[in-house]
Amino acid sequence: VNNIKIAIMGFGNVGRSLAKLIAFKGEDIERKYNIKLNVVAIADSRGAVVREEGLTPYELLKLCELPRSYIFTYEPYGIPGAKVKEIYSRVAPDIHIEVTPSNYESGEPGLSNILYAINSGVNVVIANKAPLVLKYSHIMQYAKQRGIQIRFKATVMAGTPLIDLLKSLKGYNIEVIEGIINGTTNYILTEMHEDLIPYSDALKKAQALGIAEPNPDLDVKGWDAAAKLVIISNVINEPISLNDVERDDLSKLDLREVFKAIKENMLLKFIAKYDVKEKRALVKITKIPRDDILSNVKGTMNAVKIKTDINNIVLIGKGAGRMETAHALMDDILSIAEVISHGP
Ligand SMILES: NC(=O)c1ccc[n+]([C@@H]2O[C@H](COP(=O)([O-])OP(=O)(O)OC[C@H]3O[C@@H](n4cnc5c(N)ncnc54)[C@H](OP(=O)(O)O)[C@@H]3O)[C@@H](O)[C@H]2O)c1
């Protein structure tokens, strides 16, 4: 059995779901792939838990019961205030999981954590988009220099494998990538069309259901979708930066525009589009015909159309969700574990 030591940086929605997933499916994974996943460290904003031999499934589930920011109280493994440096002075993980919040101004704390992991010879799996959006090529070059594996399929469409799909199209010329890559705004728009309610009511509903954040700006002002376009552009080797993406503000959408579209047998979607040939990227409220495949993508579902010189591909699936994201991380962990065990 190959023992793979894991450090989870961030213990919120996604970090906790990953811990549960490892606790519940760890045995199954060991049986199927001969890989034992050992969580040796977990950190949140106020401290960490470190156990060199690996936390047991019971311990992982007990940690998930603690309130946010309190894992340092878990005895005897809790360490108040411990950050990545201190954690890595105590344990040497094989894989670092970055699930801290996305901060598009500084990329922190994710960026420093990732660079520290690479510098320490630790492979990295990422769900936090910001470090990749701001420093994709720097991270990749540094990792290559140090012989480190980096995976990040959870950053775009979570459990729906768009990143893997794009990586598999190396011989194609990708001309346009467009679609619905933010579930929160698609939910709000779906509500506006189906219940004919204004933006503010649709947002309240989304917030009550936990689909929208208390501060919804990253989603409704198009930053989240723009960030995903930047990651997509890097994956297909046609990089753009966040400032290159033109963005609409969904909160400015008047219900009368929705009525108008419906009357014309059309509907409005918050479409993210990267026209690769023209190097133009945008996240725009777009009127589309009712028979367009994207019209039927409702609620928090995501969908992307990839137009290549050879064919058109459509990928539809859930674009977020704690467990979906945790499964994407698990896939990345296992693919790195395979490389560590058998070589690339
Ligand atoms: N939720 C999804 O469906 C989804 C899908 C794809 C990607 N993502 C990305 O995944 C990341 C995590 O999402 P989430 O929903 O789990 O966020 P979250 O619930 O806010 O959790 C973030 C965690 O990071 C911790 N943290 C903050 N600063 C830290 C620091 N300096 N050192 C260590 N830990 C720190 C927080 O600590 P406290 O607990 O102490 O506050 C919290 O545990 C985000 O970047 C998000 O964009 C999420």
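One-based numbering, in listed order, for ligands and for the atoms of each.
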Verdict with reasoning, Leu268 to Val258, per side-chain contact (heavy atoms from CB on, under 4.5 Å) | CA-CA 7 Å; Leu268 301 177; Val258 175; 4.1 Å; yes

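- In terms of protein heavy-atom proximity, atom 48 (C) of ligand 1 is closest to Val14 CG2, 3.8 Å.
- When hydrogens are left out, the protein atom nearest atom 46 (C) of ligand 1 is Ser102 OG, 3.9 Å; that is the closest non-hydrogen contact.
- The closest donor-acceptor contact from the side chain of Thr300 to the backbone of Gly183 lies at 3.5 Å or more, if one exists at all.
- Crowding of Glu264 atom CD: a count of heavy atoms from other residues, nucleotides or ligands under 6.0 Å exceeding 12.
- The shortest separation from a heavy atom of Ala158 to ligand 1 is not under 4.0 Å, leaving the residue out of contact.
- Considering Ile71, Val84, Asp44 only, the shortest heavy-atom separation from atom 34 (N) of ligand 1 involves Asp44.
- Near Ser69, with a cut-off below 4.0 Å to any heavy atom, the atoms of ligand 1 are 38 (P), 39 (O), 40 (O), 41 (O).
- Atom 37 (O) of ligand 1 has as its closest protein heavy atom Ser45 N, 3.1 Å.
- The distance from ligand 1 to the heavy atoms of Pro109 drops below 4.0 Å at these ligand atoms: 28 (N), 29 (C), 30 (C), 31 (N).
- Ion pairing of Glu246 with Arg280 is present here, as a side-chain N (NZ or NE/NH1/NH2) and a carboxylate O approach within less than 4.0 Å.
- With hydrogens and angles left out, the side-chain atoms of Asp292 and Ser295 include no donor and acceptor closer than 3.5 Å.
- For Glu59 and Lys62, the salt-bridge test fails: no basic side-chain N is under 4.0 Å from an acidic carboxylate O.
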Quick one: side chains of residues 204-222, donor-acceptor pairs under 3.5 Å with protein atoms, not counting sequence neighbours, listed by atom name and distance.
residue, atom, partner, partner atom, Å
Lys205, NZ, Glu191, OE1, 2.7
Lys205, NZ, Asp195, OD2, 3.3
Gln207, NE2, Glu213, O, 3.1
Gln207, NE2, Pro214, O, 3.2
Asn215, OD1, Asp217, N, 3.1
Asp219, OD1, Asn182, ND2, 2.7
Asp219, OD2, Thr184, OG1, 3.4
Lys221, NZ, Asp249, OD2, 3.3

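- A donor and an acceptor atom, one from each side chain of Ser241 and Asp244, are located under 3.5 Å apart.
- Heavy-atom proximity to Ala154, at under 4.0 Å, picks out these atoms of ligand 1: 6 (C), 7 (C).
- For atom 11 (C) of ligand 1, the nearest protein heavy atom (residue, atom name, distance) is Thr100 O, 3.3 Å.
- Of all atoms in ligand 1, listed by their number and element, those nearer than 4.0 Å to a heavy atom of Asn128 are 45 (O).
- Among all protein heavy atoms, the one lying closest to atom 7 (C) of ligand 1 is Ala127 O, 3.4 Å.
- Between Ser137 and Gln141, the side chains place no donor N or O within less than 3.5 Å of an acceptor N or O (distance only, hydrogens not considered).
- Looking at atom 25 (C) of ligand 1, its nearest protein heavy atom turns out to be Gly10 CA, 3.8 Å.
- In terms of N/O distances under 3.5 Å, ligand 1 is not approached by Thr155.
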Could you give the side-chain donor-acceptor pairs of residues 315-327 under 3.5 Å, partners two or more places apart or in another chain?
residue, atom, partner, partner atom, Å
Lys318, NZ, Glu324, OE2, 3.1
Arg322, NH2, Asn13, OD1, 3.3
Thr325, OG1, Gly321, O, 2.5
His327, ND1, Met323, O, 2.8
His327, NE2, Lys25, NZ, 2.9

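- Considering only non-hydrogen atoms, atom 18 (P) of ligand 1 lies nearest to Arg68 out of Glu213, Arg46, Met9, Arg68.
- For atom 27 (C) of ligand 1, the nearest non-hydrogen atom of the protein is Pro101 CD, 3.5 Å.
- Atom 12 (C) of ligand 1 has Val99 O, 3.2 Å as its closest protein atom, hydrogens excluded (heavy atom only).
- Using cut-offs of 30° and 60° on the angle between ring planes, the pair Tyr88 and Tyr116 is tilted.
- Those atoms of ligand 1 with a heavy atom of Gly321 less than 4.0 angstrom away are 3 (O).
- Close approach of ligand 1 to Lys129 is summarised as follows: ligand atoms under 4.0 Å from at least one heavy atom of the residue are 7 (C), 47 (O).
- In terms of N/O distances under 3.5 Å, ligand 1 is not approached by Ala320.
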